[in-house]
Amino acid sequence: MATGPLSAWPPHEARMADRHAARPALLPWSDSQARLAALASGIVEYAPQAMMALDASSLRIVLANRAAHQLFPGVDDDQLIADTFPWMAERGLLAQLTIVAGTGEPMRGLELECEGLPPFTDAAYLRYDIVPLGEPGEVPLAILLVVSDATEEWLERQRVEQSAFNAQLYAERIEAVIEQLSEAVVIRDADGTLVTYNRAALALARNRRSVERARARGARLEPRWVWLQPDGTPAPEVELPSFRAMLAAAPVSGFQFLVRKQNGREIPVLAHAAPLRDELGTITGSVVAFQDITAVKEVERLKDEFISVASHELRQPLTVIQGNAQMLKRHLKRVEHGVPLTAETLHSIAEGVETQTARLNLLVSDLLDMSRIQAGQLRLEQTPAPLVETVRRVVEAQRKAAGDHQVTLEAETIPTIAEIVGNWDVRRVEQILMNLLSNAVKYSPRGGAVRVRVNVLPHGHVREQLHGRPRRVPGPAALIAITDEGIGIPEEALRRLFERFFRARNTAGIQGTGLGLFISRQLAWAHQGDLWAESPGAGRGSTFYLVLPLLG
Ligand code: ADP
């Protein structure tokens with residue numbers, strides 16, 4: 001039973017009787033006061049929202065309309081609202097009601113998710129206003145809680161949000177996969193506007209650094225790609241894979257282009273493209289995937305080089321050997337006619353065969369070494385070995401072969417030179433030294449001194465003489481420097497000297513395969529050492545540095 005300030009309101013029993021017996025429409029319409037009162041109570045009773053009038057001081061339910069009874073079965077007039085909804089304090093509703101009751105200020109547009117809170121067992125979402133019943137600014141005697149059930153709308157909103165979230169998750173997942181692809185991917189819409197691209201694509205962009213800087217500032221800058229034909233001329237737009245795919249309305253594949261990077265390097269790429277379509281099948285854009293095929297091109301180049309070197313370098317000594325054999329046959333024919341064959345002629349023929357056979361041998365073992373290195377099957381037979389003895393042996397052998405060249409062996413600042421011992425494969429160290437010394441002689445066609453210096457690096461610290469770049473050597477090491485006064489090495493060739501089959505352009509007329517330095521460096525690395533070259537330029541001599549770690 002309502003008590004206190006609201007006791008003037010119709011008693012509870014009468015109201016209940018009203019609800020069930022006296023329908024407002026049956027009141028006498030002639031009495032305008034009564035008509036208005038009936039209308040007012042009818043509005044409240046039949047309002048689509050649940051309405052509960054609460055006593056402002058006790059927060060007891062004074063009146064609950066039909067919709068309130070439907071929404072909250074079990075709600076009882078005259079009941080404390082806190083008993084009806086025991087969870088209201090912890091969900092903030094009690095505080096809101098108390099504030100409105102205390103201040104007379106309404107609170108509108110409030111929302112509450114009350115899944116599982118009595119009387120709700122399933123999903124439930126309420127939207128409500130708390131309105132003071134009284135003049136603005138006055139402390140109200142009663143407050144009105146107007147509640148509408150927004151569960152359906154809320155569930156729908158959740159469904160929409162969930163599917164948007166799923167779509168976004170899916171898109172993000174796809175984007176993450178595209179981002180991680182090693183293939184460059186660029187997606188454009190139908191008018192060519194860039195939609196998205198991945199990391200690999202950015203790496204090949206002409207303005208990569210500017211795009212990265214803009215990204216770091218949170219700004220957006222479009223990457224640009226420079227497409228060239230394989231011959232280096234600009235590729236017309238109609239030739240580009242994205243254009244072709246849109247034109248053909250079908251995937252196109254297998255196009256080779258060059259893409260010019262920011263550093264000016266032209267990277268060979270293999271490109272494929274496909275049109276993108278919407279659900280109705282209309283073409284909305286294109287996706288282009290392209291891939292750096294430098295490695296493939298390099299293999300192709302090596303194969304070509306191998307065939308040309310092998311055919312040229314193998315054929316030459318074979319031709320000489322064949323020539324010598326023919327010469328011998330001619331001499332033998334003459335012997336049949338009584339012309340004597342001198343020991344000198346025989347000696348010269350034998351020597352020719354021997355030299356060319358040695359050359360063939362060297363070439364075959366270089367080719368074998370190269371394929372072993374490529375297959376990762378280079379094996380060293382390392383034993384503790386003194387260095388200086390090995391160097392002397394190779395220098396002596398070269399001195400004999402060098403003819404005009406003055407080959408000198410210098411050992412600098414080594415008080416205990418005999419003690420330079422390392423864990424080396426002596427045969428392989430000899431091979432490196434032999435290659436370096438024979439190159440020094442070979443690439444000094446006008447003669448000149450070839451100096452060999454042996455030094456000890458107690459801590460393994462060593463820098464290039466000309467550029468000061470540090471070279472990495474683990475612990476104490478021996479440094480062997482071989483300097484010649486020959487044709488030198490052009491600046492641009494220095495970087496590529498140790499590549500397979502590479503020969504500098506100033507080697508015209510000097511035989512070679514471009515394999516020796518590649519093998520020598522691999523052998524030095526296999527010993528945990530290093531090998532590099534320095535030269536002040538073409539025509540000004542060169543120095544090759546070999547570093548080998550010492551024992552202990
Ligand atoms: P090859 O001598 O058979 O060509 P290498 O691998 O030994 O092969 O050498 C590769 C290239 O390095 C040579 O073709 C030459 O251009 C350059 N080179 C090597 N040694 C010297 C040197 N001492 N002086 C000048 N250039 C050299």
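Just follow the structure's listing: the first ligand is 1, and inside any ligand the first atom is 1. The structure presented is a predicted model; accordingly, all values stated were derived computationally and were not measured.
- Residues that satisfy the ring-ring contact (aromatic ring centres under 6.0 Å, His included) test with Phe243, not counting sequence neighbours, are absent from this structure.
- Taking the six-membered ring where tryptophan is involved, the planes of Tyr545 and Trp532 are essentially parallel, since the angle between them stays under 30° and well short of 60°.
- Among protein residues, Asn435, Asn439, Ala440, Lys442, Tyr443, Asp484, Ile487, Gly488, Ile489, Leu497, Phe502, Arg503, Ala504, Thr507, Gly512, Thr513, Gly514, Leu515, Gly516, Leu517, Ser542, Phe544 come within 4.0 Å of ligand 1, judged on heavy atoms.
- Just one of Val429, Thr383, Thr390, Ile432 meets the side-chain contact (heavy atoms from CB on, under 4.5 Å) condition when paired with Trp424; it is Val429.
- With sequence neighbours excluded, the residues forming a ring-ring contact (aromatic ring centres under 6.0 Å, His included) with Phe257 are Trp227, listed by chain and number.
- In this structure, a donor-acceptor pair under 3.5 Å is present between the side chains of Asp369 and Gln431.
- Here Val339 pairs with Arg334 under the side chain to side chain contact (heavy atoms under 4.5 Å, CB included) rule; sequence neighbours left out.
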